[in-house]
S.K.: 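Structure provided below as structure tokens; questions to follow.
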Amino acid sequence: MSYYQEQTSAASVDSNTSLARPGSPAGKRVRIFFLDNLRVALTVLVVLHHLAVIYGATTAFYYVEPPGPQDRLASLVFLVFVLFNQAYFMGFFFLISGYFTPGSFERKTPGTFYKDRLVRLGIPTLAYVFVLSPLASISPLLSPTPGNFFHLTPLASWQQFPEALGVGPLWFAEMLLIFDLGYIIWRWLIRGRVQIGERTSRPPTYLAVGLFILGLALANYMMCIVVPMGMFIPILGFPTLSFLPQYLSFFVLGAIAFRQNWFLTIPGSMGKIGFVAAGLATLVLFPLALSGGTAFLGHGTWQSAVYALWDSTFSVGICLGAITLFRRFFNRQNRFDRMLSQQSFTVYIIHIPIIVLFALALRGFHAEALLKFALAALVGVPLCYALASLVRKIPFASKIL
């Protein structure tokens, strides 16, 4: 979908399609595209992230090709790439989702709002569980390389089909449904106490951003004492709960950002400082956190505290920088860009079995891991978008996707 901005009352704004630009004439609709383009970039990053898991074997997955012992550089590159991605990209999705939640809620009844969310998020999740996850789990039938994704047992035989059912990356949709339900409950609790429809145009202060980073770092550190990074707890198929403070706080922050119109009013200078802060934190804190091996994963170690501070600084800095960067340079769209935007959510849903099966097709091609990753990315990403376009042509699919 494409997003719009319009100067009107928040009660009449569909937050999935509208934003308000301060000072624009009343009722004037102005197309904006930077959020569309940002969502495309994040979706491509998700595909690349899972390809890096395949060729870096950084975690359990449906199918993996670990780099050889002589290929230490590839192992390091894939590990750093995965850690950098997971530090912010799913939180970014929750931030954007939270931003468009209030307006969508206000133009519908609570029941209609949640019914719509159940259709648009629940049906794709069920499709993944019963179709796409088993399809991705056939890899052991085609290759002796073991694979696993979260709690799933890959198919060694078709009798194990029930064990191959799982939500995969659609844990995001599950968690978003929970957050949306929480938003409905919160709005019910404050009904009549606050004038919800009013919107202001006050960008966040640097002090507020700094305090948020420190608070998030503390929450992440404490969470990793209980649930270290990478530890799986079988709750609705979530890969790990160690990032829950970030996901929840970013969703809430997104809803606040809608009221304050932050996506349009954050100054470009704050975005630049965000990038600088993320870079400095990476140069200073990231190597320090990894200096103790796997101690950064949690259990109350000092490395875990440093990693939590890096993670929070990096995620907030990248989000600030990317929003202002895309708003300035990528707030336009041609026909090709529009096509990519329309297919992005479908790509997110279907990409796992596509890249797994494509990696299986390449397993006989003997090359260095980074080269195979590059080849899989150059072919796999366009293939995902092409197949997503076909999926959306299925009757009624475009109404959901």
Side-chain angles (χ1 to χ4, degrees), residues 38-39 41-43 45-46 49 58-59 80-101 150 169-180 182-183 186 204 208-233 235-258 262-263 266 274-275 277-278 281-282 285-286 289-290 296-301 303-323 348:
L38 182 54
R39 185 176 54 144
L42 289 172
T43 302
L45 191 60
V46 169
H49 177 89
T58 53
T59 187
V80 171
F81 183 66
V82 168
L83 289 177
F84 275 38
N85 290 340
Q86 71 181 20
Y88 79 95
F89 70 160
M90 295 311 298
F92 213 153
F93 276 121
F94 281 112
L95 178 70
I96 295 173
S97 298
Y99 193 84
F100 292 108
T101 296
F150 307 153
L170 270 296
W171 65 264
F172 168 76
E174 281 189 326
M175 189 170 285
L176 191 54
L177 281 172
I178 295 173
F179 290 172
D180 285 335
Y183 183 81
W186 178 78
V209 173
L211 291 176
F212 177 80
I213 290 174
L214 292 177
L216 180 58
L218 178 60
N220 285 342
Y221 172 70
M222 296 179 66
M223 189 69 178
C224 285
I225 294 176
V226 181
V227 186
M229 288 176 55
M231 178 181 177
F232 173 72
I233 298 178
I235 301 177
L236 299 177
F238 297 146
T240 176
L241 294 178
S242 59
F243 282 93
L244 181 59
Q246 182 194 99
Y247 299 155
L248 178 57
S249 64
F250 274 38
F251 179 84
V252 173
L253 194 65
I256 297 173
F258 173 80
W262 284 346
F263 276 23
I266 291 174
F275 276 141
T282 298
L285 299 177
F286 187 74
L290 268 62
F296 74 94
L297 296 176
H299 305 290
T301 64
Q303 292 93 341
S304 176
V306 174
Y307 189 87
L309 182 58
W310 167 77
D311 183 280
S312 300
T313 306
F314 185 82
S315 61
V316 173
I318 290 295
C319 288
L320 286 171
I323 288 171
Y348 182 89

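What you see below is based on every heavy atom in this structure, not just the backbone, and it leaves out hydrogens, waters and symmetry mates.
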S.K.: Between Phe212 and Pro204, is there a side-chain heavy-atom distance shorter than 4.5 Å?
M.R.: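 Result no, sub-4.5 Å side-chain heavy-atom pair not found.
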
S.K.: Please tell me if the side chains of Phe314 and Phe286 come closer than 4.5 Å, counting only heavy atoms from C-beta onward.
M.R.: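 Answer no - side chains too far apart.
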
S.K.: Check Phe92 against Ile318 and note the closest heavy-atom contact, atom names and distance.
M.R.: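 That would be CE1-O, 4.4 Å.
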
S.K.: Could you check whether the rings of Trp310 and Tyr307 sit parallel, tilted or perpendicular, using 30° and 60° as the cut-offs?
M.R.: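 Tilted.
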
S.K.: Do Thr43 and Phe93 make a side-chain contact, defined as non-hydrogen atoms from C-beta onward lying under 4.5 Å apart?
M.R.: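 Yes, at least one pair of side-chain atoms sits under 4.5 Å.
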
S.K.: At what distance, to the nearest 0.5 angstrom, does CG of Leu216 lie from CG of Asp311?
M.R.: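 It comes to 7.0 Å.
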
S.K.: What is the distance from atom CG of Asn220 to atom OG of Ser315, rounded to the nearest 0.5 Å?
M.R.: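 So the gap between those two atoms works out to 7.5 Å.
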
S.K.: For residues Ala217 and Ala308, report the shortest heavy-atom separation together with the two atoms involved.
M.R.: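 Between these two residues, the closest heavy atoms are O-CB, 3.4 Å.
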
S.K.: Under 6.0 Å between ring centres: does that hold for Phe179 and Tyr247?
M.R.: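 No, the ring of Phe179 stays outside the 6.0 Å limit from the ring of Tyr247, centre to centre.
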
S.K.: Closest approach of Leu320 and Ile266, non-hydrogen atoms and distance?
M.R.: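 Shortest heavy-atom separation between Leu320 and Ile266 comes out as CD2-CD1, 3.9 Å.
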
S.K.: In Å and rounded to the nearest 0.5 Å, what is the CG to CZ distance from Leu248 to Phe94?
M.R.: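 One gets 9.5 Å once the value is rounded to the nearest 0.5 Å.
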
S.K.: Under the side chain to side chain contact (heavy atoms under 4.5 Å, CB included) criterion, do Phe296 and Met229 qualify, and how do the steps go?
M.R.: CA-CA 8 Å; Phe296 74 94; Met229 288 176 55; 4.3 Å; yes

S.K.: Could you please spell out the steps behind the side chain to side chain contact (heavy atoms under 4.5 Å, CB included) verdict for Leu176 and Phe251?
M.R.: CA-CA 9 Å; Leu176 191 54; Phe251 179 84; 3.7 Å; yes

S.K.: Check whether Gln246 reaches the backbone of Ala87 with its side chain - one donor and one acceptor, N or O, closer than 3.5 Å.
M.R.: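 It does hold such a pair.
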
S.K.: Say you draw a straight line from CD1 of Ile225 to OG of Ser242; how long is it, rounded to the nearest 0.5 Å?
M.R.: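 OG of Ser242 is found 12.5 Å from CD1 of Ile225.
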
S.K.: Rounded to the nearest 0.5 Å, how far does SG of Cys319 lie from CZ of Phe263?
M.R.: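 Reported to 0.5 Å precision, the distance equals 8.0 Å.
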
S.K.: Could you label the plane-to-plane angle of the Phe258 and Tyr99 rings as parallel, tilted or perpendicular, counting under 30° as parallel and over 60° as perpendicular?
M.R.: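 Perpendicular.
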
S.K.: So which atom in Ser304 and which in Gly298 form the shortest heavy-atom distance, rounded to 0.1 Å?
M.R.: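 The answer is OG-CA, 3.4 Å.
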
S.K.: Less than 4.5 Å apart, any side-chain heavy atom of Asn85 and any of Val46?
M.R.: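 When only atoms from C-beta onward are counted, Val46 and Asn85 do not touch, as no gap falls below 4.5 Å.
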
S.K.: Nearest heavy-atom pair of Met90 and Phe172: which atoms, and what distance?
M.R.: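 Nearest pair, atom of Met90 first, then Phe172: CE-CD1, 3.7 Å.
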
S.K.: Search all heavy atoms of Ala322 against all heavy atoms of Phe275 and return the closest pair with its distance.
M.R.: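 Taking every non-hydrogen atom into account, N-CZ, 3.5 Å.
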
S.K.: Checking Ile323 against Leu95 for the side chain to side chain contact (heavy atoms under 4.5 Å, CB included) test, could you report, in this order, the C-alpha distance in whole Å, the side-chain angles of both residues, the deciding distance, and whether it holds?
M.R.: CA-CA 11 Å; Ile323 288 171; Leu95 178 70; 4.2 Å; yes

S.K.: Using side-chain heavy atoms (C-beta onward) and a distance below 4.5 Å, is Ile96 in contact with Leu42?
M.R.: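 Sidechains of Leu42 and Ile96: in contact.
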
S.K.: If you measure from CE on Met175 to CG on Asp180, what distance do you get to the nearest 0.5 Å?
M.R.: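 Taking CE in Met175 and CG in Asp180, the distance rounds to 12.5 Å.
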
S.K.: With side chain to side chain contact (heavy atoms under 4.5 Å, CB included) as the criterion, how do Leu309 and Leu214 come out once you've worked through the C-alpha distance, each side chain's angles and the decisive distance to 0.1 Å?
M.R.: CA-CA 7 Å; Leu309 182 58; Leu214 292 177; 4.1 Å; yes

